Amino acid sequence: MTESITLAPRSLKAHNTVALPGSKSISNRTLLLAALSDNECEIRSLLKSDDTDRMLEALEKLGVPMQKTDSGSLKLVGQSGKFPNKQADLFLGNAGTAFRPLTGALAILGGDYHLHGVPRMHERPIGDLVDALRIAGANVDYLGNEGYPPLQIHDFSDKQVREIPIKGNVSSQFLTALLMALPLTGEAWTIRVDGDLISKPYIDITLNLLKQFGVNVENHDYQIFRLPENATYHAPEIVNVEGDASSASYFLAAGLLSGSPVRVTGLGKNAIQGDVAFAHELAKIGANVMWGDDFIEVSRSPEQKILPFDLDANHIPDAAMTLAVVALATGAKCSIRNIESWRVKETDRIAAMATELRKVGAEVVEEQDAIHITPPEKLTNGAAIDTYDDHRMAMCFSLVSLLGVAVQINDPKCTHKTFPTYFDVFNGLSA
Ligand SMILES: O=C(O)C1=C[C@@H](OP(=O)(O)O)[C@@H](O)[C@H](O)C1
Ligand SMILES: C=C(OP(=O)(O)O)C(=O)O
């Protein structure tokens, strides 16, 4: 039987502060770049979750030495642009931020590598990345369906091509993978984005980290990227991983929905994660938002209603799921648009969101790339929410308990992908 957790209707303490876990996106990028650097790096506030565990296990199998320090940080010994082990079997779970960037780096370096994941990972596309890597000279075979993991990577045979097209309309992680892998060749490259690029702020995270690791990439309007020749990765002595901005969204939304101030710490006004823009969206619909150097705090004045919205959420695909549940508190139709990528994430998130929002009484219309949500006059009490092995489904729907009704979350342990302690932290906010 599936485990479940029931969340009683609740109000929150007069003030809450939540110390965020580290950013998944920054953690997994930092681990890979540190592993490929020509020096040692201490990583502080690294996320501890399934997705980062998969990256760490892979790097260990590839022969990267690492050690935990007494203070809880991780020291990694960079391998100067290559991996000691030229053969490995790597299980990468459902971690896109491990699977796509490791595919890029291993295909460009060459070797004998088997990359696989959970069944859902084998339904998440990777063809656009493999096509681009093949143009450069990578030898990659599909072991199951064409265009999807699992993959077998072989030796690299340089094709002397230095300009590569990449499609960016399915996942920005393909471009991220190329940006991180191509500097390993020591050659200058031009990457041309073919068509639309989605989820652009994640490319900013990649470029920011590449810069911190010594590689400056020219970005021409997210269409053309130029990588310098003779690039080598050199790690900062210490990297402090920001708190996860997508994980922050549940607590910031809790501040808006409950009215009681909720502060998240570990990131602030200079954050490099695009998902902090979620707080700007909350401000537009009634939140009071305070930005500090190391915190964001959201509250709502008692007389302020939560306003309906119609949003192009392409820039914040993960945090936008939180808005789908916030929509229940707006009293009118809300639309979230330009989110076709939801269909190829941990589950088909448009379909899953529609099904589960209907269980709490909402009227929902699905489009291929959008969702329209009309909240009911009265929410259903005690709805049993299925989570589809999608951490964000579980975390988003916990917020229903702030709207005056109980909610049951099935398989709450799916939050282990990015936030293993989520329900303890969420329950800790209650008055
Ligand atoms: O690069 C990243 O760290 C991520 C990019 C986004 O994916 P897409 O580019 O596939 O939208 C996001 O949804 C994912 O959680 C993390
Ligand atoms: C889409 C997500 O994950 P991944 O990094 O596996 O793509 C997510 O965390 O919402």
Side-chain angles (χ1 to χ4, degrees), residues 21-33 47 49-55 92-104 117-118 120-129 149 166-180 193 196-210 222 241-242 244-250 271-275 277-278 313-322 324 338-350 352-353 369 387-396 414-420 422:
S23 154
K24 171 198 73 171
S25 296
I26 297 175
S27 292
N28 272 352
R29 283 167 172 78
T30 300
L31 286 170
L32 182 57
L33 293 176
L47 172 63
S49 76
D50 284 357
D51 276 11
T52 48
D53 282 350
R54 296 298 84 76
M55 177 62 102
L92 300 170
N94 198 5
T97 54
F99 210 109
R100 279 77 179 255
L102 278 168
T103 296
V118 300
R120 176 60 182 171
M121 182 49 97
H122 297 175
E123 297 173 351
R124 298 183 65 188
I126 196 156
D128 295 338
L129 173 58
I166 181 84
K167 282 198 180 152
N169 64 335
V170 171
S171 171
S172 71
Q173 291 176 3
F174 305 152
L175 172 56
T176 281
L178 277 190
L179 287 165
M180 290 168 73
V193 177
D196 291 339
L197 174 64
I198 63 164
S199 305
K200 289 196 183 79
Y202 289 96
I203 299 304
D204 294 334
I205 300 179
T206 303
L207 298 182
N208 186 301
L209 285 168
L210 286 174
Y222 299 93
V241 176
E242 274 176 23
D244 193 292
S246 317
S247 298
S249 71
Y250 313 108
I272 68 168
Q273 298 164 80
D275 260 6
F278 175 79
N314 194 274
H315 60 306
I316 51 167
D318 293 355
M321 290 179 73
T322 313
N338 205 359
I339 48 160
E340 189 169 6
S341 72
W342 279 22
R343 299 237 180 238
V344 291
K345 305 228 179 196
E346 281 75 339
T347 184
D348 176 340
R349 287 177 164 171
I350 296 187
M353 190 54 85
D369 67 347
T387 50
Y388 310 80
D389 207 15
D390 184 347
H391 52 145
R392 300 204 191 284
M393 286 296 288
M395 296 190 279
C396 285
C414 65
T415 65
H416 286 210
K417 187 174 193 283
T418 54
F419 201 157
Y422 177 76

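Sequence positions, counted from 1, serve as the residue numbers for this chain. Bear in mind that the values here come from a model prediction, so they are computed numbers and not experimental data. In each ligand, atom 1 is the first atom listed, and ligand 1 is the first ligand listed.
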Show the atoms of ligand 1 that are less than 4.0 angstrom away from any heavy atom in [X].
| X | result |
| --- | --- |
| Thr97 | 2 (C), 3 (O) |
| Asp318 | 12 (C), 13 (O), 14 (C), 15 (O) |
| Ser25 | 2 (C), 3 (O), 16 (C) |
| Arg29 | 1 (O), 2 (C), 3 (O) |
| Ser171 | 8 (P), 9 (O), 10 (O) |

message = Tell me whether the count of non-hydrogen atoms from other residues, nucleotides or ligands lying under 6.0 Å of CG in Asp196 goes above 12.
response = no

message = Using a plain distance cutoff, I'd like to know if Arg392 has any nitrogen or oxygen under 3.5 Å from a nitrogen or oxygen of ligand 1.
response = no

task = Please confirm whether Thr176 comes under 4.0 Å of ligand 1, counting heavy atoms of the residue only.
result = no

query = Does ligand 1 have an atom that lies less than 4.0 angstrom from a heavy atom of Arg100?
reply = no

inquiry  = Between Tyr250 and Phe419 (judged by ring centroids, cut-off 6.0 Å), do the two rings come close enough to count as a pair?
reply    =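 They do not qualify: ring centres at least 6.0 Å apart.
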
[X]/[Y] ion pair, N-O < 4.0 Å:
| X | Y | answer |
| --- | --- | --- |
| Lys417 | Asp51 | yes |
| Arg120 | Asp348 | no |
| Lys345 | Asp390 | no |

ask   = Looking at residues at least two apart in the chain, or sitting in another chain, which of them share a salt bridge (charged side-chain N to carboxylate O under 4.0 Å, His left out) with Asp275?
value = none

ask   = Can you name the salt bridge (charged side-chain N to carboxylate O under 4.0 Å, His left out) partners of Glu340, sequence neighbours left out?
value =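 Residues passing salt bridge (charged side-chain N to carboxylate O under 4.0 Å, His left out) with Glu340: none at all.
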
remark   = Closest to atom 9 (O) of ligand 1 (heavy atoms only, candidates Pro125, Pro317, Pro201, Ser172) is Ser172

message = Going by the closest heavy atom to atom 7 (O) of ligand 1, which one wins out of Lys417, His391, Lys345?
response = Lys345

request  = Write out the residue and atom name of the closest protein heavy atom to atom 2 (C) of ligand 1, then the distance separating them to 0.1 Å.
outcome  =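 Closest protein heavy atom to atom 2 (C) of ligand 1: Tyr202 CD2, 3.3 Å.
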
ask   = Using heavy atoms and a threshold below 4.0 Å, how should the contact between Ser199 and ligand 1 be classified: side chain, backbone, both, or neither?
value = side chain

ask   = Under a 4.0 Å heavy-atom cut-off, what residues line ligand 2?
value =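 Heavy-atom contacts below 4.0 Å: Lys24, Asn94, Ala95, Gly96, Thr97, Arg124, Gln173, Asp318, Lys345, Glu346, Arg349, His391, Arg392, Lys417.
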
key: Heavy-atom pair of closest approach, residues Asn28 and Ala98   = ND2-N, 4.0 Å

message = Keeping His315 on the side-chain end and Ser199 on the backbone end, is there a donor-acceptor pair under 3.5 Å?
response =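 No.
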
message = So, applying side-chain hydrogen bond (donor to acceptor under 3.5 Å, both in side chains) with Thr418, which one of Lys24, His391, Arg392 is it?
response = His391

side-chain hydrogen bond (donor to acceptor under 3.5 Å, both in side chains) partners for Asp389, two or more places apart =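 If we apply the side-chain hydrogen bond (donor to acceptor under 3.5 Å, both in side chains) test to Asp389, skipping adjacent residues, there are no hits.
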
inquiry  = Can you confirm whether Asn94 sits close enough to Arg124 that some side-chain heavy atom of one is under 4.5 Å from a side-chain heavy atom of the other?
reply    = yes

